[in-house]
Undergrad: 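Take a look at this one; I'll ask things after.
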Amino acid sequence: MSLGFSGEVTEFYHRYHRYRRYRRGYPTAVFDAIAAEFALAGDDVVLDLGCGTGQLAVPMAARVRAVAGMDPSPDMLSRARRAAADAGVTNASWLLGGDTDVTALNSLLHGLGAVTIGQALHWMDHATLFPAVKPMLRQGGGIAVVTNGVPLWLQDSDWSRALLDVLSAWFGRPLTAACGTDGASQDRYRAALVGAGYDVGLRTVDYTGDLTAEEIIGGVYSAMGEDELPPSGERPAFENRIRSAIEPHAPFREPVRVTILTGRVP
């Protein structure tokens, strides 16, 4: 099933502006926490579900024997493959598929050190996925559900509230979906992990970033499906609306909390 994350959206996911990606990357401490939780070592293999353009998979590859990134979008996988090559990563493989395809990998991938899911679980059937993954994991391995801050338009700042007003007016509806970062979603994920027999833990990593207006606009584009992107002729007006609304509230500081919800096989 296509989620609309292809074509131009792929580049918005990965593109840099002044050396910063429009989609947030992950601090080194996040990979340290995942590696420590599951005692990942040089003989482990990690499966990154919903890998996108490789923000989790590519850095994780340096810590384990191999990483397999899996995504339902061929364009995302193509960009991830290029990102790995650019980073000199040679131990990453890329698989076309979604969460419903995981059981087909049982005979291919078993004894995994970890399965990581970065800001993508809200697209998946987590209640089915968690027990399906468990037989693929080694003892002491597990699942890491990683959320990298809340959406740009749902933050507790004046510029974020101004951005929300612009986007709600543009789409003609209030934007409330938090992409799995909200407390209710996290509670559901935790309960499902417990129900599937995992030992559940939570780690957090906090950092603060400084954004430009261009980075905020690029971040908005990266969160849209292909069918939601404004037509090219309307984009200057759309971008000017955002700039006019947020610029009185500069500078654009963004406190980010990365949450790492883990389920470990006892």
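None of the values given here were measured: they were computed from a predicted structure. All residue numbers in this chain count up from 1 along the given sequence.
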Undergrad: Please report the shortest heavy-atom distance between Pro131 and His126, naming the atom on each side.
TA: CD-O, 4.4 Å

Undergrad: Between atom NE2 of His110 and atom CG of Leu137, what is the distance when rounded to the nearest 0.5 Å?
TA: 12.5 Å

Undergrad: May I ask whether Val133 and Leu112 are part of the same hydrophobic cluster, defined by side-chain heavy atoms of I, L, V, M, F, W, Y residues being less than 4.5 angstrom apart, directly or through others?
TA: yes

Undergrad: Does Cys51 form a side-chain contact (heavy atoms from CB on, under 4.5 Å) with Trp94? I'd like the steps, not just the answer.
TA: CA-CA 9 Å; Cys51 66; Trp94 308 100; 4.0 Å; yes

Undergrad: Could you measure the distance from the CG atom of Leu121 to the CG atom of Leu129? Nearest 0.5 Å is fine.
TA: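 Between Leu121 CG and Leu129 CG, I get 7.0 Å after rounding to 0.5 Å.
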
Undergrad: For the CG atom of Asp48 and the CG atom of Leu95, what is their distance to the nearest 0.5 Å?
TA: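 Separation between the atoms: 11.0 Å.
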
Undergrad: For the side chain of Glu234 and the backbone of Pro231, is there at least one donor-acceptor N/O pair under 3.5 Å apart?
TA: no

Undergrad: Under the 3.5 angstrom rule, does the side chain of Asp101 hit a backbone N or O of Gly98 as a donor-acceptor pair?
TA: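 Pair found, side chain donor or acceptor close to backbone of Gly98.
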
Undergrad: Is there a side-chain contact (heavy atoms from CB on, under 4.5 Å) between Leu211 and Trp159 once you walk through the steps?
TA: CA-CA 11 Å; Leu211 300 171; Trp159 67 262; 3.9 Å; yes

Undergrad: Would you please test Leu164 and Gln155 for side-chain contact (heavy atoms from CB on, under 4.5 Å) and show each step?
TA: CA-CA 9 Å; Leu164 176 62; Gln155 299 183 20; over 6 Å; no

Undergrad: May I have the list of side-chain donor-acceptor pairs in residues 187-202 shorter than 3.5 Å, sequence neighbours left out?
TA:
{"residue": "Arg188", "atom": "NH2", "partner": "Ser185", "partner atom": "OG", "Å": "3.0"}
{"residue": "Tyr198", "atom": "OH", "partner": "Phe130", "partner atom": "O", "Å": "2.7"}
{"residue": "Tyr198", "atom": "OH", "partner": "Lys134", "partner atom": "N", "Å": "3.3"}

Undergrad: Find out if a path of hydrophobic residues (ILVMFWY) with successive side-chain heavy-atom gaps under 4.5 Å connects Ile117 to Leu109.
TA: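 Looking at the clustering, Leu109 is in the same group as Ile117.
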
Undergrad: Start with the C-alpha gap between Tyr26 and Val205, add the side-chain angles, then the distance that decides, and say whether side-chain contact (heavy atoms from CB on, under 4.5 Å) holds.
TA: CA-CA 9 Å; Tyr26 295 92; Val205 175; over 6 Å; no

Undergrad: Does Ser160 reach the main-chain N or O of Leu152 with its side chain, forming a donor-acceptor pair under 3.5 Å?
TA: yes

Undergrad: Between Asn148 and Gln119, is there a donor-acceptor pair closer than 3.5 Å when you use the side chain of the first and the backbone of the second?
TA: no

Undergrad: What is the distance from atom CD1 of Ile260 to atom OG1 of Thr116, rounded to the nearest 0.5 Å?
TA: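 So the gap between those two atoms works out to 11.0 Å.
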
Undergrad: Could you state whether Met60 and Val258 fall into the same hydrophobic cluster, counting links through intermediate Ile, Leu, Val, Met, Phe, Trp or Tyr residues with side-chain heavy atoms under 4.5 angstrom apart?
TA: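 The answer is yes; both residues are in one hydrophobic cluster.
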
Undergrad: Please find the pair of heavy atoms, one from Phe238 and one from Val220, that lie closest to each other, and give the distance.
TA: CZ-CG1, 4.1 Å

Undergrad: Output yes when a side-chain donor or acceptor of Asp71 lies under 3.5 Å from a complementary backbone atom of Leu77, and no otherwise.
TA: no

Undergrad: Does a sphere of radius 6.0 Å around CZ in Arg257 hold more than 12 heavy atoms from other residues, nucleotides or ligands, not counting ones at 6.0 Å or beyond?
TA: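 For Arg257, atom CZ is not crowded (no more than 12 foreign heavy atoms under 6.0 Å).
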
Undergrad: Which heavy atom of Ala132 sits nearest to which heavy atom of Thr103, and what is that distance?
TA: CB-CG2, 3.9 Å

Undergrad: Heavy atoms, side chains only, cut-off 4.5 Å: are Pro230 and Trp170 in contact?
TA: yes

Undergrad: With heavy-atom distances below 4.5 Å as the criterion, would you say the side chains of Tyr221 and Arg235 are in contact?
TA: yes

Undergrad: Is it the case that the side chain of Gln186 and the backbone of Gly180 share a donor-acceptor pair, with hydrogens and angles ignored and the cut-off at 3.5 Å?
TA: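 Yes.
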
Undergrad: If Ile, Leu, Val, Met, Phe, Trp and Tyr residues are connected whenever their side-chain heavy atoms lie under 4.5 Å apart, and connections chain through other members, are Val115 and Phe38 in the same group?
TA: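 Different clusters: Val115 never reaches Phe38 through Ile, Leu, Val, Met, Phe, Trp or Tyr contacts under 4.5 Å.
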
Undergrad: With sequence neighbours left out, write down each residue that passes salt bridge (charged side-chain N to carboxylate O under 4.0 Å, His left out) with Arg264, or none if nothing qualifies.
TA: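 Partners of Arg264 by the salt bridge (charged side-chain N to carboxylate O under 4.0 Å, His left out) criterion, ordered by chain and then number, come out as Glu37.
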
Undergrad: According to a hydrophobic-cluster definition based on side-chain heavy atoms being under 4.5 Å apart (Ile, Leu, Val, Met, Phe, Trp, Tyr only), do Leu96 and Met76 belong together?
TA: no

Undergrad: Any side-chain heavy-atom pair from Ile242 and Glu239 closer than 4.5 angstrom?
TA: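 The answer is no, as the side chains (C-beta and beyond) never meet within the 4.5 Å cut-off.
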
Undergrad: Calculate, to the nearest 0.5 Å, the distance between atoms CG and CG belonging to Asp165 and Leu175 respectively.
TA: 10.0 Å

Undergrad: Quick one: salt bridge (charged side-chain N to carboxylate O under 4.0 Å, His left out) pairs with a partner in residues 58-70, sequence neighbours left out?
TA: Asp32-Arg63

Undergrad: So which atom in Arg203 and which in Ala36 form the shortest heavy-atom distance, rounded to 0.1 Å?
TA: NH1-CB, 4.0 Å

Undergrad: Between Gly54 and Pro59, which heavy-atom pair has the shortest distance, and what is it?
TA: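 For Gly54 versus Pro59, the nearest heavy atoms are O-CD, 3.6 Å.
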
Undergrad: Could you give the distance from CG (Asp206) to OG1 (Thr259), rounded to the nearest 0.5 Å?
TA: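 Going from CG on Asp206 over to OG1 on Thr259, the span is 10.0 Å.
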
Undergrad: Mind listing the closest non-hydrogen atom pair of Pro151 and Ala178 along with its distance?
TA: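 The answer is CD-O, 3.8 Å.
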
